[in-house]
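Contents: one structure, followed by commentary.
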Amino acid sequence: MLHDQRLVLREGMLIGALERMCATLEISASQSTLAQERYEGAGGWLADSDNPLLKAIGIFLQGSTAIGTTVKPIGSNEHDVDLVAHVPGLGIWVEPAALKKAIGDRLRENGHYKPLLVEMGRCWRLVYANEFHLDITPSIPNRDCNMGGELVPDRGLTVWKPSNPKGYKALFLERVKLVPRFRVMKGLQAEDRAHASVEPYPEQGHFKGILQRIVQILKRHRDVFILANDLDTSQSPISVLVTTLASQSYEYCVRTYVYDSELDLLLDVIRRMPDFIETRIVNGRTHWFVWNETTNGENFAEKWNGDPERAEVFYTWHARVLDNIRRLRDAEGLDGLKQRLSDSFGPAPAKAVIDSITDEISLSRRKALLTVAPHVGLVTGLASATTTPVRANTFFGR
């Protein structure tokens with residue numbers, strides 16, 4: 001039992017390291033505020049148009065910024081901020097290309113937006129160099145969706161396709177609220193804390209929003225995996241597919257099982273993600289389906305069915321991320337942890353994590369608060385008869 005308790009402490013420390021890493025990948029509060037000011041400004045400009053196609057148009061967030069799962073792109077300072085420009089009074093009689101053109105024409109009328117404007121396949125992009133770019137996708141109501149869904153252009157701007165960004169956000173955030181159940185190690189305080197107030201190190205031993213952190217971990221690992229294996233980014237598993245599978249798996253795991261630690265939960269959620277991919281044999285070929293649960297007809301794995309290599313990339317990546325997270329348990333020392341984090345998530349966030357841990361170790365040492373409890377690892381707190389002062393930077397007492 002004592003071995004299990006100490007393992008839980010160790011895994012809590014690993015979760016603390018992953019928590020620190022996720023924090024380095026997020027859009028900052030100031031960036032978020034600035035992005036909001038700018039997209040609200042663009043929305044106001046569009047809403048003031050005299051064009052009847054833009055009557056009552058409104059802009060709102062969708063994607064990772066909306067649900068709190070942003071991850072910095074590798075090699076760029078620009079975050080993606082995905083927006084929807086919704087026109088509630090229009091119907092399918094309006095061609096997607098016509099509505100998109102009206103939005104672009106209106107943005108060009110503004111001397112501020114014109115030089116920032118870039119046309120994309122089915123949206124408009126406002127590029128704020130070295131900060132972020134705002135992608136504005138047109139949408140109209142989906143009268144056939146009883147869940148408040150919308151219609152957005154296909155990539156060819158020829159037909160409207162079902163989507164439901166508001167419904168998707170609401171469902172995801174409901175899953176965020178689900179609280180996992182963890183076993184309580186009753187003997188921990190009696191033996192390991194009998195002589196002193198001892199806390200596991202690092203102090204950030206919990207995820208701040210477990211589901212959102214899981215998605216961030218998956219997205220960053222995916223980006224590093226694609227780059228390290230020299231794969232075409234077009235074959236990368238799209239974020240909404242990864243997010244959907246993670247959120248479905250998270251709900252199932254939280255409602256079904258009790259865990260020893262957040263690391264065990266993280267591993268189980270990742271392991272079960274493929275269980276939520278529907279497969280069918282069509283004309284002798286496997287087809288894959290990852291459905292948008294908040295509307296009918298949107299399959300996030302649609303491109304896999306035209307290019308099966310995309311499915312192969314997903315399953316190869318999935319096996320790799322599961323193995324890499326498992327192997328974090330075997331990290332020896334700060335150098336070992338840094339290497340494992342670097343291999344999985346890139347050198348920059350790995351360095352930031354280790355630097356943060358090292359700074360706290362040094363601070364605790366200067367305050368004479370850093371000790372090692374036998375078989376547990378680094379702890380911060382008052383020394384006792386059962387602890388040993390630390391003389392060198394170590395991780396888990398090694």
Side chain to side chain contact (heavy atoms under 4.5 Å, CB included) between Phe289 and Ile277, worked out: CA-CA 6 Å; Phe289 303 87; Ile277 301 173; over 6 Å; no
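- Using a distance-only test at 3.5 Å, with no hydrogens or angles considered, no donor-acceptor pair links the side chain of Asp268 to the main chain of Leu263.
- Closest non-hydrogen pair, Ala42 versus Ile59, comes out as C-CD1, 4.2 Å.
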Val127/Phe132 under side chain to side chain contact (heavy atoms under 4.5 Å, CB included): CA gap, chis, key distance, verdict: CA-CA 7 Å; Val127 179; Phe132 45 79; over 6 Å; no
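- For Asn229 (side chain) and Leu231 (main-chain N/O), no donor-acceptor pair under 3.5 Å exists by modelled atom type.
- Residues Val176 and Ile67 fall within the same hydrophobic cluster, defined by Ile, Leu, Val, Met, Phe, Trp and Tyr side chains chained together at heavy-atom separations under 4.5 Å.
- Taking 4.0 Å as the cut-off between side-chain N and carboxylate O, Lys55 and Asp50 do not count as a salt-bridged pair.
- Minimum interatomic distance between Asn305 and Arg285 (heavy atoms only, all atoms of both residues): O-NH2, 3.3 Å.
- Within 6.0 Å of CG in Asp335 there are 12 or fewer heavy atoms belonging to other residues, nucleotides or ligands.
- Pro180 approaches Ile210 most closely through the heavy-atom pair CG-CD1, 3.6 Å.
- For Lys100, the NZ atom is densely surrounded, since the number of other residues' heavy atoms within 6.0 Å is greater than 12.
- The backbone N or O of Met21 sits less than 3.5 Å from a side-chain atom of Thr24, completing a donor-acceptor pair.
- Defined by atom type and a distance below 3.5 Å, a donor-acceptor pair is present between the side-chain atoms of Ser239 and Arg222.
- When side chains are defined from C-beta on, Glu119 counts as touching Trp124, because their heavy atoms get closer than 4.5 Å.
- Put simply, CG on Leu218 and CG on Leu245 are 9.5 Å apart, with the number rounded to the nearest 0.5 Å.
- Formation of a donor-acceptor pair under 3.5 Å by the Asn164 side chain with backbone atoms of Tyr168 is not found in this model.
- We find that Arg38 and Glu40 are not joined by a salt bridge, their nearest charged nitrogen and carboxylate oxygen being 4.0 Å or further apart.
- Taking a cutoff of 4.0 Å between a charged side-chain nitrogen and a carboxylate oxygen, Glu332 and Lys338 do not qualify as a salt bridge.
- Aromatic ring orientation, His112 versus Tyr128: tilted (interplanar angle from 30° to 60°).
- At most 12 heavy atoms of other shown residues, nucleotides or ligands fall within 6.0 angstrom of atom CZ in Arg155.
- Heavy-atom minimum distance, Ala350 versus Ser342: CB-N, 3.5 Å.
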Pair Ser234-Asp232, side-chain hydrogen bond (donor to acceptor under 3.5 Å, both in side chains): steps then yes or no: CA-CA 5 Å; Ser234 67; Asp232 191 327; 3.0 Å; yes
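- Of all the heavy atoms in Ser139 and Leu99, the pair that sits closest is O-CD2, 4.2 Å.
- In this structure, Tyr259 and Tyr257 have perpendicular ring planes: the angle between them is above 60°, well past the 30° mark.
- Inter-residue side-chain proximity for His79 and Lys72 is flagged as met; some heavy-atom pair is nearer than 4.5 Å.
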Derivation and outcome, side chain to side chain contact (heavy atoms under 4.5 Å, CB included), residues Gln339 and Asp343: CA-CA 6 Å; Gln339 187 60 54; Asp343 291 343; 2.8 Å; yes
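- Counting all heavy atoms, side chain and backbone alike, Pro349 lies closest to Arg220 at CD-NH2, 3.6 Å.
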Salt bridge (charged side-chain N to carboxylate O under 4.0 Å, His left out) evaluation trace for Lys219 with Glu26: CA-CA 12 Å; Lys219 288 166 61 175; Glu26 290 182 312; over 6 Å; no
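- Counting heavy atoms from C-beta outward, Leu61 and Leu83 have side chains that approach closer than 4.5 Å.
- A salt bridge links Arg213 and Glu19; the closest N-O separation between the charged side-chain nitrogens and carboxylate oxygens is under 4.0 Å.
- At distances below 3.5 Å, not a single donor-acceptor pair connects side-chain atoms of Ser32 with backbone N or O atoms of Ser28.
- Taking a 6.0 Å sphere around CG of Leu178, one finds it holds more than 12 heavy atoms contributed by other residues, nucleotides or ligands.
- Proximity of Ile140 to Trp160: side-chain heavy atoms (C-beta onward) are separated by under 4.5 Å at one or more points.
- In this model, a donor atom of one side chain and an acceptor atom of the other lie less than 3.5 Å apart for Thr294 and Asn292.
- Hydrophobic cluster membership differs between Trp93 and Val152, with clusters built from Ile, Leu, Val, Met, Phe, Trp and Tyr side chains linked at under 4.5 angstrom.
- Residues Leu107 and Lys114 are not in side-chain contact: their nearest non-hydrogen atoms beyond the backbone lie 4.5 Å or more apart.
- Distance alone, capped at 3.5 Å, places no donor-acceptor pair between the Arg20 side chain and the Ile354 backbone.
- Rounded to the nearest 0.5 Å, atoms CZ (Arg106) and OH (Tyr113) are 10.0 Å apart.
- Atom CG of Asp323 has more than 12 heavy atoms from other residues, nucleotides or ligands within 6.0 Å.
- Taking the charged nitrogens against the carboxylate oxygens, Lys303 and Asp307 have no contact shorter than 4.0 Å, which rules out a salt bridge.
- The existence of a salt bridge linking Asp330 and Arg327 is excluded, since no basic side-chain nitrogen approaches an acidic carboxylate oxygen closer than 4.0 Å.
- Side-chain atoms of Asp80 do not come within 3.5 Å of backbone N or O of Leu134 as any donor-acceptor pair.
- Evaluated for a salt bridge (charged side-chain N to carboxylate O under 4.0 Å, His left out) with Asp264, the options Arg271, Arg183, Arg329 yield exactly one hit, Arg329.
- At distances below 3.5 Å, not a single donor-acceptor pair connects side-chain atoms of Ser64 with backbone N or O atoms of Thr69.
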When the side chains of residues 311-321 are checked against the rest of the protein, which donor-acceptor pairs come out under 3.5 Å, sequence neighbours left out?
{"residue": "Thr316", "atom": "OG1", "partner": "Glu312", "partner atom": "O", "Å": "2.8"}
{"residue": "Trp317", "atom": "NE1", "partner": "His221", "partner atom": "ND1", "Å": "3.1"}
{"residue": "His318", "atom": "NE2", "partner": "Ile270", "partner atom": "O", "Å": "2.5"}

Test side-chain hydrogen bond (donor to acceptor under 3.5 Å, both in side chains) applied to Gln31 and Glu131, step by step: CA-CA 8 Å; Gln31 285 177 308; Glu131 294 178 358; over 6 Å; no
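- A salt bridge links Arg125 with Asp135: the closest approach of a Lys/Arg side-chain nitrogen to an acidic carboxylate oxygen falls below 4.0 angstrom.
- Residues Thr33 and Glu37 meet the side-chain proximity criterion, which asks for heavy atoms closer than 4.5 Å.
- When atom types are taken as modelled, the side chain of Gln248 and the backbone of Met273 share no donor-acceptor pair closer than 3.5 angstrom.
- In this structure the side chain of Glu293 reaches within 4.5 angstrom of the side chain of Leu171, judged on heavy atoms.
- By the criterion of side-chain heavy atoms lying less than 4.5 angstrom apart, applied directly or through intervening Ile, Leu, Val, Met, Phe, Trp or Tyr residues, Trp45 is grouped together with Tyr39 in one hydrophobic cluster.
- For the pair Ser249 (side chain) and Ala246 (backbone), a donor-acceptor distance under 3.5 Å is absent.
- Side-chain atoms of Arg122 and Asp154, non-hydrogen and from C-beta on, never get closer than 4.5 Å to each other.
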Trace of the side-chain hydrogen bond (donor to acceptor under 3.5 Å, both in side chains) decision for Glu278 with Trp288: CA-CA 6 Å; Glu278 179 184 340; Trp288 297 269; over 6 Å; no
